[in-house]
Structure formats: structure tokens, C-alpha cells
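Computation of the quantities below employed the complete heavy-atom set of this structure, encompassing side-chain atoms and omitting hydrogens, waters and symmetry-equivalent molecules. Order of listing sets the numbers, starting from 1, for every ligand and every atom in it.
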Amino acid sequence: MSSIPAFELSQQYKLIGDEMGEAVLAILASGRYIGGSAVTGFEQQFAQYMGTAECISCNSGTDALYLALRALGIGSGDEVITSAFTFFATAETISAVGAIPVFVDIEPDSFNLDLAKLEAAITERTKAIIPVHLFGHPVNMTQLMAIAEAHRLWVIEDCAQATGATWAGAKVGSIGQVGCFSFYPTKNLGACGDAGAITTNDPELAAKLRKLRDHGQTQRYVYEEIGINSRLDAIQAMVLQIKLRHLDEWNANRQAIAARYHDLLAPLPNLIRPKPSEGHVWNQYTIRVLSPTEASDGSYREQVRQWLQQQGVGTAVYYPIPLHRQPVYQSLGYAPGTLPVTEQVAHEVISLPMFPELTTAQQEQVVYALKEVLVA
Ligand SMILES: *Cc1c(COP(=O)(O)O)cnc(C)c1O
């Protein structure tokens, strides 16, 4: 029995390693490491893929969120509604611009914002909502946009885990005012280092974003406001151009793998499968394991993970500590018990191996190991 990692890139490298190597060497030989046609080419190709008028590349998904908030004029005293069951950057960037994250609870099966609880969190200080398409699961954007429009709120989509996902036929990241993407290596479209992008259909917003990512510069050495330096490297842009051509096929593989997990896991007790959805791109396949005892402190989940590890099955926990329970937000006065679903699932989630090249035999090994521990 061979071991199965939670994630791996080696087979992707076998497929396109030579092509990437040549492209990277060509950049090295060109001496053009910042900007140039590699970067503008990727921006054009990604905008076309997304069906948006504009794509503004940047250094990371975190920068994409920060720049989007800045470009929309969100700052001191403003409130931004989002989920506490996400990667830290989603809330961190809200705080970094001086605004206040307001956390709304999630749905227990999709792990996305519970839209039925959204309106109760809106105040006169609310400026924006950041829906996170967590694990690749598209948020119900029809419902979310209706709420946002009724209250005149901006919508910044956190698409870091959902490149290629769709809602009602439209790519996520093309529905709100801005879409923010991460190309961190483990995302559905991953670079060979840090990289990110922002998409929008608003040309004025795009111009503002381009200025802010370049120190607030309008003409050479003339600065109109305080920006940051957030560039996509030419090398990363070439890697992304090559990988973008494979993205739909890789996402289709992820969908087939998720469907197979869904069937294989159906008979297992004390386990809740993630809710499937049209347009879901499965950056993670995340189950919940239910403790047979009263304990709900995550210790049972750790026992299950340890067993899986012994059976050669790599797993991950996204996310063990909800954002309102992080030390920094605790110290800012965020209280426990306010987001019961988020707090509950944080003790139960396990992300199973998921990458486009995972085989049926490997999935069967994962499920067999789970079956032994869950019925034991
Ligand atoms: C990865 C991720 C980010 C941040 O992206 P980086 O490129 O790592 O800065 C933001 N939000 C979510 C939901 C993410 O998963």
C-alpha cells in the first residue's frame, strides 16, 4: 500500500515540466523580468477565460483582496461582512485597510456564508460583502447580489479557491464588482510561487487598481496616493499562461473525483459529505466526522486523522480555528459562541486527498481506511 499525499504536483510537472522549463529559460534569457508581454499576455488570457473586461495581475491573493478594498474606497470605520470560516487573509485585509470585519455564520453543508443570516448583519456602516467560494463551492450569487443591490453594498468575491467555478453559467469573480484570485501553488490554477489577480468589468475601477498596485503612481515618479508594490513576475506569468490551458480539464477531473468520493462515502456512518453543486471546482474535498461521544473539541477528528496518516493517507484541516477565535480578533473583542455552525464544523472537518491526478484505486484506499476507523 503506497502513501497518498493530501496534495501533489509531481504528475502535473511530468505533463508540462518541459514546456514550463523552456518558457522560464526564455524569460531568463530575455532579461525582461518585470512586466512585459508575459504579464500583459496572461492578463488578456485570464480576462478572456473569465469573461470580464479587465484583469489586473498582482503578487498574491492577499494583495488582490487588499487592493480591491482600497480601490472601492473602503477604510476606517467601514464594516465589511464576510465568513469566519476561511483563510485568514479574507479578514486580515479588511482590518489592514482600517475597516471592521463583521462575521456571519455559514451553512453546515456548503461551508459558505449562510445568506439567510446576512441581512441581520447589515448596518448603516456596512460598505461591502466578501463572499468566499470556499473549497471551490460557488456561493449563491443570485441571492447574494439581490441582497447587496437592495442595500447598495459592494461585492468583492474571494475566488482564491475557486478559479474556474461557475454560478448559473457565469464564472465566479465576474459577478460582483471585483473578483480576487490567488495562484498560490495549491490553488486550482497555481503558479510556481506567489501570484494573484483581480477581475472586473468596471474600467474606472481597473484603472484605480492598476495605479494602487504600482505605488499609486500615475506618471513615472508622480504619486497621487499611497499604494503598494504588487507585481506578477514575468516567470510566474508564463507558468500561468501554460497552466491556464489545462485548467478546465483539471477542474473536470476534480469534479469526477468528488463525484466518486460522494458515492464511495455514502455508506459510511458518522460522516457528512460536502454538498455537491453545479459549477463547483473542488479545491478541497472536505468531510465532517461526527464524534461518537459528547466531546466536540476536535480530539475525535485528530484521532481519525492520525489513523489515516498511519494508513498512508495524507489529510489537512481547513480550518481548525475560525477567524473570530484567532488571538488577534479575540483581543479586538470578538466573542466565542457567536457563530455556532462555524465553531462546530471547525472541530469536525477533514480535507481528503484531492488533486486532478488522484486515481480511483487511491480513492478506494482512502475510503477503506476511513471505513475501518469510523465503524470501529
Ligand atoms: C489562498 C487564499 C487567500 C490568499 O491568497 P495568497 O495568494 O496566499 O495570498 C485568500 N483567501 C482564500 C479563501 C484563500 O484560500
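- Note that CD of Glu43 and CG of Leu240 are 11.0 Å apart. Values are rounded to the nearest 0.5 Å.
- Between the side chains of Tyr329 and Arg325, no donor-acceptor pair is found at a separation under 3.5 Å.
- For Gln143, the side-chain hydrogen bond (donor to acceptor under 3.5 Å, both in side chains) partners are Asn140, not counting sequence neighbours.
- Other cluster members for Val345: Phe85, Phe87, Ile106, Phe111, Val132, Leu134, Phe135, Val317, Tyr318, Tyr319, Val341, Val349, joined by side-chain heavy-atom distances under 4.5 Å among Ile, Leu, Val, Met, Phe, Trp and Tyr.
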Ligand 1: which protein N/O atoms lie under 3.5 Å from its N/O atoms?
{"unit_1": "ligand 1", "atom_1": "5 (O)", "unit_2": "Ser182", "atom_2": "OG", "d": "3.2"}
{"unit_1": "ligand 1", "atom_1": "7 (O)", "unit_2": "Gly61", "atom_2": "N", "d": "2.8"}
{"unit_1": "ligand 1", "atom_1": "7 (O)", "unit_2": "Ser182", "atom_2": "OG", "d": "2.6"}
{"unit_1": "ligand 1", "atom_1": "9 (O)", "unit_2": "Gly61", "atom_2": "N", "d": "3.4"}
{"unit_1": "ligand 1", "atom_1": "9 (O)", "unit_2": "Thr62", "atom_2": "N", "d": "2.9"}
{"unit_1": "ligand 1", "atom_1": "9 (O)", "unit_2": "Thr62", "atom_2": "OG1", "d": "2.5"}
{"unit_1": "ligand 1", "atom_1": "11 (N)", "unit_2": "Asp158", "atom_2": "OD1", "d": "3.3"}
{"unit_1": "ligand 1", "atom_1": "11 (N)", "unit_2": "Asp158", "atom_2": "OD2", "d": "2.9"}
{"unit_1": "ligand 1", "atom_1": "15 (O)", "unit_2": "Gln161", "atom_2": "NE2", "d": "2.8"}
{"unit_1": "ligand 1", "atom_1": "15 (O)", "unit_2": "Lys187", "atom_2": "NZ", "d": "2.7"}

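- There is no side-chain donor-acceptor pair under 3.5 Å between Gln161 and Gln284.
- Applying the side-chain hydrogen bond (donor to acceptor under 3.5 Å, both in side chains) rule to Tyr184 yields no partners; only residues at least two apart in sequence or on another chain are considered.
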